[in-house]
Amino acid sequence: MNDELAKEREIKIAKVERLRSLGIRPYPYRFERTHQTDKVIANFEKLSTEKTNIRISGRLVAKREHGKTIFGHLADGQGKIQIYLRQDFLGEKFRLLDLLDVGDHIGVQGEAFKTKTGEITILVKSFEFLAKALRPMPEKWHGLKDVETRYRSRHLDLIANPEVKKIFLIRTKIINLIRQFLNERGFVEVETPVLQPIYGGAAANPFQTFYNALDQKMFLRISDELYLKRLIVGGIDKVYEVGKDFRNEGLDRFHNPEFTQIEVYEAYADYNDVMRLVEELFKFIALNLFGKTEITFKDKNIDLGKPWLRLKFVDALKEKIGEDPLAHSIESLKKLGAKFGVDTEGVHSLGKMLDKFFSELIQKDIIEPTFVMDHPRITTPLAKTHRDNPDLVERFEPIIGGIELGNAFSEATDPIEQRKRFEEQIKLNEEYATLDEDFINALEYGMPPCGGLGLGIDRMVMLFTNTESIREVILFPQLRSPAAE
RNA sequence: GGGCCGUUAGCUCAGUUGGCAGAGCACCUGAUUUUUAAUCCGGUGGCCGCAGGUUCGAGUCCUGCACGGCCCA
């Protein structure tokens with residue numbers, strides 16, 4: 001800490017001590033509030049004509065001293081409101097305000113009135129210190145802009161930038177709406193293990209850990225899929241889970257190593273039913289957030305009220321490259337990649353290769369709500385083989401604004417085929433392919449036809465808040481630890 | 001992993017062909033009983049990200065590293 005900051009801190013600590021010496025607690029236990037700022041403003045007419053006694057608390061975010069009066073603003077969880085402190089009302093206690101700084105929490109008691117400029121204000125009759133801050137707040141006008149500091153010290157970001165808080169409130173609202181939507185349709189929310197002896201349900205590098213009591217290697221889940229399907233076998237036939245998944249992979253605008261996913265499984269349904277569910281869900285969220293189905297994302301207007309476009313994976317790719325992608329080997333795809341500017345460096349499996357072609361050549365240009373569907377079988381071991389084409393699976397990915405929002409299938413339910421499909425993945429050298437015997441065993445007890453869906457909550461929040469980086473919708477995004485000093 | 005950009009006071013930012021380290025906010029002192037980015041007087045505050053190099057002299061030029069951002073993969 002440098003001299004100036006240390007000095008400022010010393011001064012504030014001295015004020016804390018001064019308060020204590022006067023018999024005042026600088027960090028007391030509670031404050032009885034009668035209102036929050038938004039309620040005072042909303043009910044001003046009634047509160048002012050009835051001269052209601054108002055007790056309100058918050059952080060002092062501005063202090064304007066005029067000798068024997070002080071104006072300030074108090075910010076609480078709902079907004080902010082002006083306070084007006086006068087020596088003739090506060091008497092001796094007015095001098096204590098020398099010990100009050102911007103950044104401190106106080107509680108005040110008084111009445112609401114309007115100043116001559118028309119601002120709703122609390123005329124303070126008494127006040128209490130609730131917490132003294134020892135460090136200076138970010139700049140009052142420009143706020144806190146440095147993105148690194150914003151992510152590393154989110155508390156400061158939230159104090160200084162109200163629009164940031166708004167994004168996270170919308171995030172919570174979206175998650176609540178998803179739950180409401182599914183609960184109303186009879187889905188049951190469950191919790192399954194985050195700590196798993198064998199990972200599965202996706203193609204991703206897992207985080208590993210070790211459980212001492214069992215003397216056993218464990219993984220943080222990359223997906224909830226295989227556990228939720230066990231519940232479908234067990235008869236919880238409309239089920240979902242909201243939770244964190246962990247993937248030990250790169251970190252960029254669309255990826256955080258821990259991210260929030262919802263997975264939904266509905267027995268006796270197929271992927272066509274799931275598409276309708278997704279259409280209804282997005283419409284439901286938009287209507288409840290904004291009162292309309294149109295949203296703006298990256299300067300584009302997107303209407304979530306219409307049926308989504310259906311785009312077949314292989315057809316789209318065929319049109320783009322002029323030949324059937326399924327007729328190619330991994331080697332010939334590499335050559336084709338060079339021709340179309342698809343970088344295939346480090347891609348060792350056919351499934352990943354096809355995914356890569358699609359995401360680079362087609363996905364980024366999909367702006368309208370679209371279901372990319374019927375992927376090559378090889379890409380997706382947990383989806384049912386397509387009823388009309390054995391080379392494809394019944395799968396779709398919802399895409400809006402170039403962002404892949406999730407993944408859904410008619411779930412594979414045939415235990416014999418499921419085993420073969422897992423083995424096929426392992427043989428094809430698909431990275432991180434596993435064979436979960438216990439899961440296959442569960443399937444052998446009979447899993448009904450089932451539609452399944454996973455949605456990336458963080459990316460959905462990006463869409464609905466028109467935000468371009470996943471770090472803006474995750475409170476504490478992963479960053480590299482700064483060098484030790 | 002590669003390319004480009006950024007890192008200067010607690011915060012927001014300037015900093016000229018390489019020549020004394022700057023402003024606003026915040027903080028401290030004083031004035032001020034309807035201000036609201038309050039105003040006015042006077043002050044304090046720097047490991048210029050880190051480590052090397054070039055130079056009489058480096059915030060500035062060069063190299064490496066760290067962290068971050070964007071793009072590419």
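Here is how names work: the chains are called A, B, and so on, in the same order as the sequence lines, proteins then strands, and each is numbered from 1.
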From the list B:G68, B:U12, B:U33, which nucleotide is the closest neighbour of the side chain of A:E139?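 The answer is B:U12, which lies nearest to the side chain.
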
Out of B:G68, B:U33, B:C70, whichever nucleotide has its closest atom nearest the side chain of A:T69: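 Per side-chain heavy atoms of A:T69, the pick is B:U33.
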
Do A:Q82 and B:U35 share a donor-acceptor pair, side chain to base, under 3.5 Å?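 Between B:U35 and A:Q82, which were checked side chain against base, a qualifying N/O pair under 3.5 Å is present.
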
Using a 4.0 Å heavy-atom cut-off, does A:G72 contact any base of the nucleic acid, only the sugar-phosphate backbone, or nothing at all?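 Touches nothing.
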
Sugar-phosphate, base or nothing in reach of A:K364, heavy atoms under 4.0 Å: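 Since no nucleic acid heavy atom lies under 4.0 Å of A:K364, the category is nothing.
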
Residues in side-chain contact (heavy atoms from CB on, under 4.5 Å) with A:E50, at least two apart?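 Here the qualifying residues are A:K46, A:T52.
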
Check every strand shown and say whether A:D146 touches a base, only sugar-phosphate, or nothing at a heavy-atom separation below 4.0 Å.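 Sugar-phosphate only.
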
About how many Å separate CG of A:L475 and CZ of A:F168, when rounded to the nearest 0.5 Å?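 Nearest 0.5 Å value for the CZ-CG distance: 4.0 Å.
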
Report, one line per pair, each donor and acceptor closer than 3.5 Å where one atom sits in a side chain of residues 17-28 of chain A; sequence neighbours left out.
| from | atom 1 | to | atom 2 | distance (Å) |
| --- | --- | --- | --- | --- |
| A:E17 | OE2 | A:R20 | NH1 | 3.3 |
| A:S21 | OG | A:R18 | O | 2.7 |
| A:Y27 | OH | A:K132 | O | 2.8 |

Minimum-distance nucleotide to A:P138 side chain [options: B:U34, B:C11, B:A26]: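 In terms of side-chain proximity for A:P138, the closest of B:U34, B:C11, B:A26 is B:C11.
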
Which part of the nucleic acid, if any, lies within contact of A:Y151, taking any heavy atom under 4.0 Å across all strands shown: a base, the sugar-phosphate backbone alone, or nothing?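 Sugar-phosphate, backbone atoms only, no base.
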
Could you tell me which nucleotide pairs with B:U29 by Watson-Crick or G-U wobble geometry, both distances under 3.5 Å, or answer none if nothing does?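 Base-paired to nothing in any strand shown.
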
Closest to side chain of A:Y84, choosing from B:U33, B:A37, B:C67: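 Nearest to the side chain of A:Y84 among the choices is B:U33.
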
Once you apply a heavy-atom cut-off of 4.0 Å, does A:D252 come out as touching a base, just sugar-phosphate, or nothing?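 Base, at least one base heavy atom under 4.0 Å.
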
Identify which nucleotide among B:U33, B:G69, B:C28 has an atom closest to any side-chain atom of A:L479, counting heavy atoms from C-beta outward.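 Nucleotide nearest to A:L479's side chain: B:G69.
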
Nearest listed nucleotide, side chain of A:R64, among B:U12, B:A38, B:U44: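 Looking only at heavy atoms from C-beta outward on A:R64, the closest nucleotide is B:A38.
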
